[in-house]
Structure formats: C-alpha cells, structure tokens
Amino acid sequence: MRTQIVAGNWKMNKTFQEADDLINDIVEFINNNDIGNTEVIICPPAVYLELASDSASETDLFVGAQNVSEHESGAYTGEISAAMLESMKIDYCIIGHSERRKYFHETNEVLAEKINRAIEHSLRPVFCCGELLPEREAGKHFDIVKTQLTESLFHLKEDDFEDVVIAYEPVWAIGTGVTATSDQAQEMHAYIRSLIKERYNEDAAENTTILYGGSCNPKNAKELFANKDVDGGLIGGASLVAEDFIKIIKSF
Ligand code: PGA
C-alpha cells in the first residue's frame with residue numbers, strides 16, 4: 001500500500017515564535033491522536049528547519065525543505081545544499097514548485113539536477129508539476145505535465161524513483177481559492193500513474209504517492225482524498241493555521 005501524505009508548505013511565512021507555536025500544535029495533535037497510516041510533513045522556511053527537525057525527532061512528524069540547490073557546494077551565496085539538509089536529518093525536499101519555476105526561473109533541466117542532488121543525499125523529493133490556466137484552456141495540460149515529468153524526473157533509475165513523491169499542482173489553483181474539481185484531480189493523477197507505469201512498471205506506478213495541491217482546505221480535502229489516485233495533499237495557505245491543517249490530516 002502506498003503512503004498517504006499530508007504535507008504543509010509554509011512558503012515565506014511565520015516569525016520564529018509563530019513557527020514554534022505552529023510546530024508545537026501539530027506535534028501535540030500527532031502525539032495525542034491516531035493518525036493511522038498518514039505521514040505528516042511540514043516544510044517551514046529554511047531558517048526553522050532545525051527547530052522543526054528537533055521537534056519532529058520525538059514524534060511521528062517529518063520535515064521537508066522548500067528548495068535545494070542544484071549545485072553540490074561552493075560559491076553560491078544564499079543557497080542551501082542537499083548535503084547540508086542531509087546533515088540536519090531533513091527527510092523531504094519540495095522541488096519544482098510553480099513559484100520557484102515562475103519567480104526564480106527554474107527550468108525542467110535545472111530541476112533534474114536538483115532531483116539528482118536530493119537523491120544523492122537521501123532527501124526524498126516532493127516533485128511538483130502542473131499546468132498554467134491558458135495551458136489547461138488550450139487542452140495542453142496532459143502534455144505539459146508529461147514533459148515536466150519526463151525532463152526532470154524520468155531519468156532516475158527505478159531504485160531511486162522509489163523515493164520520489166509527486167505533487168500535482170495546477171498553477172491556476174495555487175493560492176487562488178479555486179480548487180481543481182475532484183474529477184480533474186483524479187483524471188490527472190491517473191494519467192501521471194499511467195506515465196510511471198509506461199516509464200518504469202506497474203509496481204512503481206502503484207507504489208508512488210501522488211499528492212494534490214492547490215487551494216486544498218478543510219472543506220474540500222475529504223472529497224479530493226477520496227479519489228482512488230489521490231494519496232493526500234500538498235497544502236499551502238491552510239497549513240499555516242494549526243486547526244485547518246489538523247482538519248486536513250483528519251480528512252482520510
Ligand atoms: P495553496 O498552495 O494551498 O495555498 O493553494 C499550495 C502550494 O503552493 O503548494
């Protein structure tokens with residue numbers, strides 16, 4: 001059975017005290033409730049990774065970075081390497097988020113290198129893919145996602161691919177309050193699974209966790225997660241409020 005995941009992408013939010021409070025609320029919830037097979041991940045800004053990882057070490061909580069450099073080490077001011085994250089015992093790393101693609105011009109080629117660094121340093125990538133609104137309106141969404149996966153992810157060997165989590169995040173749904181319908185999410189997730197089967201095999205396809213992201217909230221999470229090929233969510237805005245994030249965790 002594949003892992004169900006609820007991951008919180010905090011983006012560039014929270015002061016130190018706010019981050020500490022939110023982490024404590026999530027840890028307290030996990031310590032006092034049975035979350036079954038659901039894996040909970042928080043991806044705070046890099047400056048709070050140590051704080052998060054210290055708290056997570058005592059409970060069933062996983063920690064992810066929001067980005068990683070494509071370079072191994074060296075003169076890249078402001079960047080954070082996969083080796084650093086590995087040495088801090090960080091479990092996951094979001095790679096290819098649409099905000100990184102848009103504002104930091106990360107191409108499929110650069111993202112393939114980031115994926116390589118993550119795998120080399122035992123970080124499980126949460127690879128984001130998804131189309132822009134005009135691409136969906138033009139009926140190109142399947143092609144766009146196929147190209148993103150082919151150019152950034154499908155060079156991995158089968159063994160390495162086992163560590164990958166995919167997040168389908170239609171860009172038009174991110175932070176907009178417009179969620180993909182349950183049918184739109186299921187259709188794309190099933191398509192992604194078929195691509196994995198075609199590139200690797202049936203087992204790889206069945207075992208890969210595919211998350212939905214884009215205005216997922218306590219109201220719509222249950223319906224989205226009920227889909228056969230939707231294995232959880234990558235949550236932005238709603239992961240910043242403990243009560244909302246916890247409701248989403250309970251949505252399985
Ligand atoms: P959102 O963000 O839930 O605020 O739409 C999701 C994401 O960007 O991962």
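Start at 1 and go down the list; that is how both ligands and their atoms are numbered. FYI, the numbering just counts along the sequence from 1.
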Short version for N9: what comes under 4.0 Å of ligand 1, heavy atoms counted, is side chain
A quick test of your reading: do over 12 heavy atoms of other residues, nucleotides or ligands sit less than 6.0 Å from CD of E79? yes
Does K11 have more than 12 heavy atoms from other residues, nucleotides or ligands lying within 6.0 Å of its NZ? yes
Listing request: all salt bridge (Lys or Arg N to Asp or Glu O under 4.0 Å) pairs with a residue in residues 22-35, at least two apart in sequence or in separate chains. none
Does atom NZ of K146 have more than 12 heavy-atom neighbours from other groups under 6.0 Å away? no
Min side-chain heavy-atom separation F142-E187 under 4.5 Å: yes
If we number the atoms of ligand 1 from 1 as shown, the ones under 4.0 Å from a heavy atom of G237 are 1 (P), 3 (O), 4 (O)
Does a sphere of radius 6.0 Å around CD in E206 hold more than 12 heavy atoms from other residues, nucleotides or ligands, not counting ones at 6.0 Å or beyond? yes
Hey, is ligand 1 close enough to G236 that some N/O pair sits below 3.5 Å? yes
Would you check whether G175 has a nitrogen or oxygen atom less than 3.5 angstrom from a nitrogen or oxygen atom of ligand 1? yes
Atom 9 (O) of ligand 1 - nearest protein heavy atom and its distance: E169 OE2, 2.7 Å
With respect to G214, determine whether any N or O atom, backbone or side chain, lies less than 3.5 Å from an N or O atom of ligand 1. no
Within ligand 1, which atoms have a heavy atom of A173 less than 4.0 Å away? 5 (O)
Going by the order shown, which atoms of ligand 1 are within less than 4.0 Å of some heavy atom of L234? 6 (C), 9 (O)
Not counting sequence neighbours, list each pair that qualifies as a side-chain hydrogen bond (donor to acceptor under 3.5 Å, both in side chains) and has a residue in residues 56-75. N31-T59, N67-K114, H71-Y76, E72-H121
Give the numbers and elements of all ligand 1 atoms closer than 4.0 Å to a heavy atom of H97. 7 (C), 8 (O), 9 (O)
